[in-house]
Amino acid sequence: MKKIFFSFLIALFAVTGTRAQCGAYNDAIKPGEELSYELKFNWKFIWINAGWAKMTVDTVMYNGRSCLKTDLESYTNKRIDMFFRMRDTLTCITSIDLVPLYFRKGAAEGKRYSVDYVTFSYRNGKCIVDQSRSVNGKKREPDHQELSVCVYDMLSILLQARSYDASDYVPGDKILFSMATGKDVEKQTLIYRGKETCKVENGLKFRCLVFSLVEYVKGEEKEVITFYVTDDRNHLPVRLDMYLNFGSAKAFLSEIKGNKHPLDSQIE
């Protein structure tokens with residue numbers, strides 16, 4: 001189930017640099033945007049409805065200035081709760097120009113409840129990351145790092161990446177970025193696969209950019225997620241194919257509200 005969240009990391013660029021470079025011109029997102037998803041699991045060769053996810057963007061005051069607040073909620077339904085219960089909520093706060101400032105993830109997964117906190121600050125050309133994690137009420141050692149590269153969380157990387165132009169990418173291109181996980185900063189790798197037409201659950205079709213999040217196990221590439229992003233200025237993730245240890249799962253965009261640009265990628 002954790003792979004569901006990684007599927008929202010639409011990192012369409014390599015990230016390096018200092019504070020000025022950690023922000024981005026926000027071309028794709030406006031407050032009031034709301035995206036809803038239907039989750040499906042493959043259970044013994046049968047696809048079943050598993051739950052839903054919703055992501056919303058709004059404005060908030062943080063440390064005395066107006067910022068963007070993004071929330072992502074994911075729930076399994078009662079049918080799936082019998083096997084694996086999930087109630088996860090992610091929140092991030094960024095500046096208006098999308099510089100990461102704060103992140104929290106509360107995850108109730110099975111009998112495990114964890115909370116991750118991450119704060120970001122910037123000084124002397126470095127990104128300063130302070131993070132902590134508690135599991136079932138027990139706090140773990142906090143982590144403090146000062147790095148010369150930009151660091152993001154699961155949601156702020158998505159917000160930034162959606163505003164970037166991917167027209168120059170060539171299939172096979174690898175994109176690297178650094179992400180705070182709540183206990184460490186890890187390198188992530190995505191691979192651009194090209195363009196495809198994607199059909200979502202409600203029958204709509206979109207022209208999409210296709211990306212893969214991969215892991216490297218003993219030097220071999222392992223596909224974790226394949227995801228489809230609208231090939232327009234919104235860069236909306238409309239379908240996510242997840243390869244899990246116990247099978248596979250899919251997420252389909254089911255409702256869009258408050259998108260900033262017309263859905264030019266939609267095929268009539």
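Using a 4.5 Å cut-off between side-chain heavy atoms of Ile, Leu, Val, Met, Phe, Trp and Tyr, I128 forms no hydrophobic cluster with any other residue. Taking a 4.5 Å side-chain heavy-atom cut-off between Ile, Leu, Val, Met, Phe, Trp and Tyr, the cluster of M61 contains only that residue. Side-chain contacts under 4.5 Å among hydrophobic residues (ILVMFWY), followed directly or transitively, place V57 together with I29, L68, I96, L98, L159.
Separating the CZ atom in F177 from the CD1 atom in I175 is a distance of 9.0 Å, to the nearest 0.5 Å. Note that SG of C198 is 12.5 Å distant from CG of D231, once rounded to the nearest 0.5 Å. The structure places CG of N136 at 8.5 Å from OG of S114, a figure rounded to the nearest 0.5 Å. Taken from CZ in F103 to CZ in F120, the straight-line distance is 8.0 Å, to the nearest 0.5 Å. Once rounded to the nearest 0.5 Å, the distance linking CG of L35 with CG of L253 reads 6.0 Å. For the atom pair OH (Y228) and CZ (R193), the distance works out to 10.5 Å, reported to the nearest 0.5 Å.
For the residue pair T91 and R104, no side-chain donor N or O sits within less than 3.5 Å of a side-chain acceptor on the partner. Judged purely by distance below 3.5 Å, without hydrogens or angles, the side chains of N49 and K40 pair a donor atom with an acceptor atom. Counted by atom type alone, D88 and S74 present zero donor-acceptor pairs between their side chains at under 3.5 Å. Checked by atom type, the side-chain pair S178/K187 shows a donor-acceptor distance below 3.5 Å.
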Query raised in the report: Could you go step by step and tell me if V118 and V129 meet the side-chain contact (heavy atoms from CB on, under 4.5 Å) rule?
Result: CA-CA 7 Å; V118 186; V129 183; 3.8 Å; yes
Report task. Before giving the answer on salt bridge (charged side-chain N to carboxylate O under 4.0 Å, His left out), spell out for D27 and R233 the whole-Å C-alpha distance, their side-chain angles and the decisive distance to 0.1 Å. Result -> CA-CA 7 Å; D27 184 55; R233 292 174 68 186; 2.7 Å; yes
Report task. Using the side-chain contact (heavy atoms from CB on, under 4.5 Å) rule, take V115 and K105 through it: C-alpha gap first, then chi angles, then the decisive distance, then the call. Result -> CA-CA 6 Å; V115 179; K105 175 187 174 184; over 6 Å; no
Query raised in the report: side-chain contact (heavy atoms from CB on, under 4.5 Å) between I80 and M86: does it pass, once the steps are laid out?
Result: CA-CA 9 Å; I80 296 298; M86 182 187 73; over 6 Å; no
Requested in this report: Go through L176 and Q188 one step at a time and tell me if the side-chain contact (heavy atoms from CB on, under 4.5 Å) criterion holds.
Outcome: CA-CA 6 Å; L176 306 177; Q188 301 288 340; over 6 Å; no
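Remark: E146 engages H144 in a side-chain hydrogen bond (donor to acceptor under 3.5 Å, both in side chains) (not counting sequence neighbours). Take Q131 and apply the side-chain hydrogen bond (donor to acceptor under 3.5 Å, both in side chains) test, not counting sequence neighbours, and it matches D143. For the side chain to side chain contact (heavy atoms under 4.5 Å, CB included) test, residues two or more places apart in sequence or in another chain that qualify with V60 are C67, K69, I93. Listed by chain and residue number, R239, K250 satisfy the salt bridge (charged side-chain N to carboxylate O under 4.0 Å, His left out) test with D241 (two or more places apart in sequence, or in another chain). Residues that satisfy the ring-ring contact (aromatic ring centres under 6.0 Å, His included) test with Y75, not counting sequence neighbours, are W52. Remark: R87 engages T76, D81 in a side-chain hydrogen bond (donor to acceptor under 3.5 Å, both in side chains) (not counting sequence neighbours). S132 is linked by a side-chain hydrogen bond (donor to acceptor under 3.5 Å, both in side chains) to nothing, counting only residues two or more places apart in sequence or in another chain.
Of all the heavy atoms in L72 and A53, the pair that sits closest is CD1-CB, 4.5 Å. Scanning both residues, Y152 and P100, for their nearest heavy atoms gives CD2-CG, 3.5 Å. Taking each heavy atom of T230 and S265 in turn, the nearest pair found is CB-OG, 3.3 Å.
Side chains of V151 and M179 form no contact here, defined as non-hydrogen atoms less than 4.5 Å apart. Between T70 and T56, the closest side-chain pair of non-hydrogen atoms is not below 4.5 Å.
One N or O on the side chain of S95 and one on the backbone of V99 form a donor-acceptor pair closer than 3.5 Å. Between the side chain of D116 and the main chain of R133, no donor-acceptor pair closer than 3.5 Å is present. No side-chain donor-acceptor contact under 3.5 Å links N234 to the backbone of L236. For T94 (side chain) and S156 (main-chain N/O), no donor-acceptor pair under 3.5 Å exists by modelled atom type. Under the 3.5 Å distance criterion, the side-chain polar atoms of K260 are matched with a main-chain donor or acceptor of N26. A distance-only check finds no donor-acceptor pair linking the side chain of Y102 to the backbone of Y117 [under 3.5 Å]. Under a 3.5 Å cut-off, the side chain of N124 and the backbone N or O of K126 do not form any donor-acceptor pair.
Pairs passing the salt bridge (charged side-chain N to carboxylate O under 4.0 Å, His left out) check and including a residue from residues 45-55, sequence neighbours excluded, read E34-K54. Counting only residues at least two apart or on different chains, no salt bridge (charged side-chain N to carboxylate O under 4.0 Å, His left out) pair has a member in residues 173-185.
Not less than 2.5 angstrom separates the SG atom of C22 from that of C127.
Ring geometry for F211 versus F227: interplanar angle under 30°, hence parallel rather than tilted (30 to 60°).
Residue L147 is grouped with residue M154 when hydrophobic side chains (ILVMFWY) are merged at heavy-atom distances under 4.5 angstrom, including chains of intermediate members.
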